[in-house]
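By convention here, the first residue in the shown sequence is residue 1.
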Amino acid sequence: MSEPTGPAEPGGHPLINDVRTPGPVVRARMLSGDVGYAVTRAADAQHVLCDPAFSSAATFLPRAPAEPREPVGSSRVLFEMDPPEHTRLRRAVAQAFNRRRVEAMRAGIEEVVDGLLDETAAGGPPADLVQSLCAPLPLTDICELLGVPREDRDSFRGWAETIMALRGSSPQEIDRARAAIQRYFVDLVAARRAEPADDLVSELLMVRDREERITEAELVRLAITLLIAGHGPTMNQLARSVYALLTRPEMYAALHRDPELVATAVEELLRTVPSVPVGTPRLALRDVEIGGVPIPAGSTVAVSSLAANRDPALFTDPEVTDLGRTDNRHLTFGYGPHFCVGAQLARAEMQTALAALTRRFPDLRLAVPPESIRWRTDSLFHGPVELPVTW
């Protein structure tokens with residue numbers, strides 16, 4: 001099932017702007033307020049995401065204007081680190097998210113989705129799918145994986161959203177949220193050391209004790225990273241995907257008629273409506289050139305997945321949303337060393353949710369005009385604040 005044009009990109013997010021302007025590299029305002037460079041072509045994006053000349057770690061250090069920053073070590077979370085520290089810590093958690101383990105989790109994901117949709121059906125129509133499905137699903141799954149008790153999960157959601165806000169949270173509020181999450185995981189690590197359980201924190205403690213690859217402080221930071229990265233992007237991606245389908249009812253109907261389409265449909269929605277339109281920025285550690293454009297040392301460079309995912313050099317008919325597209329090498333999960341460690345889990349969650357939603361609610365539709373839906377402009381992740389639906 002394909003559409004002649006991709007789902008409309010809702011405006012208003014500060015990271016989107018004009019990054020689809022023709023040209024391999026465009027000037028763009030970054031989250032810091034500095035003007036940097038946005039890379040828009042897929043090949044150049046892959047180069048930036050793999051080249052050690054572009055540092056993730058150095059991006060998060062304060063600096064004077066136009067001065068390169070030295071990379072930092074493992075005091076940062078995964079997406080703020082460079083190899084070899086990043087490689088060492090990523091290896092410690094990668095096994096928890098491999099394809100085999102995620103497939104073993106799928107029955108549990110289906111149970112969570114069915115329970116959430118049972119509650120949605122009992123309480124509506126109408127219903128807000130952000131609150132009833134898109135937010136609780138990834139939060140429940142990542143908390144189950146980490147071993148966070150059910151009664152603590154609402155607190156975690158609040159802390160995570162405060163930390164990832166671009167606006168609306170003061171530096172003091174962000175510091176308090178970071179401190180609260182850190183205290184929680186310090187206590188959880190201590191509890192699992194005293195009494196191991198069947199969860200990822202216990203597994204990482206065993207890795208630490210057996211191989212001494214990570215410290216307990218690093219273990220805490222890994223848990224924080226996984227909580228935030230395992231919740232916000234998937235919540236918004238699922239909500240954006242449902243919005244895209246409901247504003248193209250033929251596509252929603254196609255998924256209802258053919259549930260086998262869901263795997264390729266998820267990849268195409270990841271390509272066309274990514275919840276992270278521009279990736280975590282890097283800092284150029286030396287003078288470089290991208291697509292013929294000179295980039296001075298000390299410049300901030302970010303990859304626009306929104307633009308790279310529509311590169312005609314990589315995709316046939318890139319502006320067409322084809323739910324059956326099989327050759328789909330999108331960059332929504334990144335590329336290279338920082339490729340999203342939780343990509344398989346996010347895929348399983350989205351596939352399960354969309355399959356169940358289209359099966360149980362074949363006549364699902366927006367309960368409000370599309371233009372009245374409010375979009376997040378205060379977060380790294382772009383998605384609807386609410387998604388009112390009826391059936």
Side-chain angles (χ1 to χ4, degrees), residues 15 19-20 23-28 30-31 36-61 68-74 76-95 97-99 222 225-226 229 233 267 270-271 274-315 318 327-347 380:
L15 296 181
V19 293
R20 291 177 64 191
V25 180
V26 297
R27 299 286 276 170
M30 300 293 160
L31 304 183
Y37 298 86
V39 178
T40 65
R41 293 195 308 205
D44 294 328
Q46 292 169 348
H47 172 75
V48 168
L49 295 175
C50 290
D51 191 339
F54 299 96
S55 169
S56 295
T59 308
F60 293 90
L61 287 178
R69 289 168 282 185
E70 293 299 322
V72 297
S74 58
R76 299 285 179 168
V77 295
L78 275 178
F79 59 82
E80 299 173 345
M81 297 169 62
D82 295 327
E85 291 84 3
H86 172 269
T87 307
R88 173 175 59 86
L89 294 183
R90 179 188 170 93
R91 189 178 296 124
V93 299
Q95 188 64 26
F97 293 95
N98 65 25
R99 187 182 300 272
L222 280 173
T225 303
L226 295 174
E267 298 305 313
L270 283 162
R271 182 183 76 85
S275 68
V276 184
V278 178
T280 305
R282 269 76 167 162
L283 194 85
L285 299 179
R286 55 180 173 81
D287 292 345
V288 293
E289 186 176 286
I290 306 173
V293 177
I295 308 293
S299 299
T300 302
V301 179
V303 166
S304 168
S305 56
L306 188 69
N309 284 350
R310 289 173 167 86
D311 187 341
L314 193 61
F315 301 100
D327 185 14
N328 200 337
R329 294 164 288 166
H330 62 76
L331 298 180
T332 298
F333 288 127
Y335 189 82
H338 281 275
F339 183 84
C340 176
V341 71
Q344 294 301 331
L345 177 59
R347 285 179 165 121
L380 290 170

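- D51 places no side-chain N or O within 3.5 Å of a backbone atom of H47 that could act as its donor or acceptor partner.
- Using a distance-only test at 3.5 Å, with no hydrogens or angles considered, no donor-acceptor pair links the side chain of T40 to the main chain of V26.
- To the nearest 0.5 Å, atom CD1 of residue I290 and atom CD1 of residue I295 are 4.5 Å apart.
- Pairing each heavy atom of V39 with each of A45, the nearest pair is CG1-N, 3.6 Å.
- P318 approaches R271 most closely through the heavy-atom pair O-NH1, 2.8 Å.
- Here the CG-CZ distance, from L345 to R347, works out to 11.5 Å after rounding to the nearest 0.5 Å.
- Listed here is the closest heavy atom pair of C50 and G336: SG-CA, 3.8 Å.
- By the neighbour-count criterion of 12 heavy atoms within 6.0 Å, atom OH of Y335 is sparsely surrounded, having that number or fewer from other residues, nucleotides or ligands.
- Of all non-hydrogen atoms in G291 and P24, the two that sit nearest each other are O-CG, 3.5 Å.
- Residue pairs meeting the salt bridge (charged side-chain N to carboxylate O under 4.0 Å, His left out) criterion with at least one member in residues 293-304: none, sequence neighbours excluded.
- Nearest approach of A28 to A38, heavy atoms of both residues: CB-CB, 4.0 Å.
- Judged by distance alone, the side chain of N309 and the main-chain N or O of L331 form a donor-acceptor pair under 3.5 Å.
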Stepwise side chain to side chain contact (heavy atoms under 4.5 Å, CB included) check, L283 with T300
CA-CA 5 Å; L283 194 85; T300 302; 4.0 Å; yes
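- Among residues two or more places apart in sequence or in another chain, the side chain to side chain donor-acceptor pair (under 3.5 Å) test is passed with D287 by none.
- R282 places no side-chain N or O within donor-acceptor distance of the main-chain N or O of V301, the cut-off being under 3.5 Å.
- Side-chain atoms of F54 and L49, non-hydrogen and from C-beta on, never get closer than 4.5 Å to each other.
- Using a 4.5 Å cut-off on side-chain heavy atoms (C-beta onward), H338 and R90 make no contact.
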Applying side chain to side chain contact (heavy atoms under 4.5 Å, CB included) to N328 and F315, what does each step give before you reach the verdict?
CA-CA 7 Å; N328 200 337; F315 301 100; 3.6 Å; yes
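- Atoms NE2 and CG, on H330 and D311 in that order, are 15.0 Å from each other to the nearest 0.5 Å.
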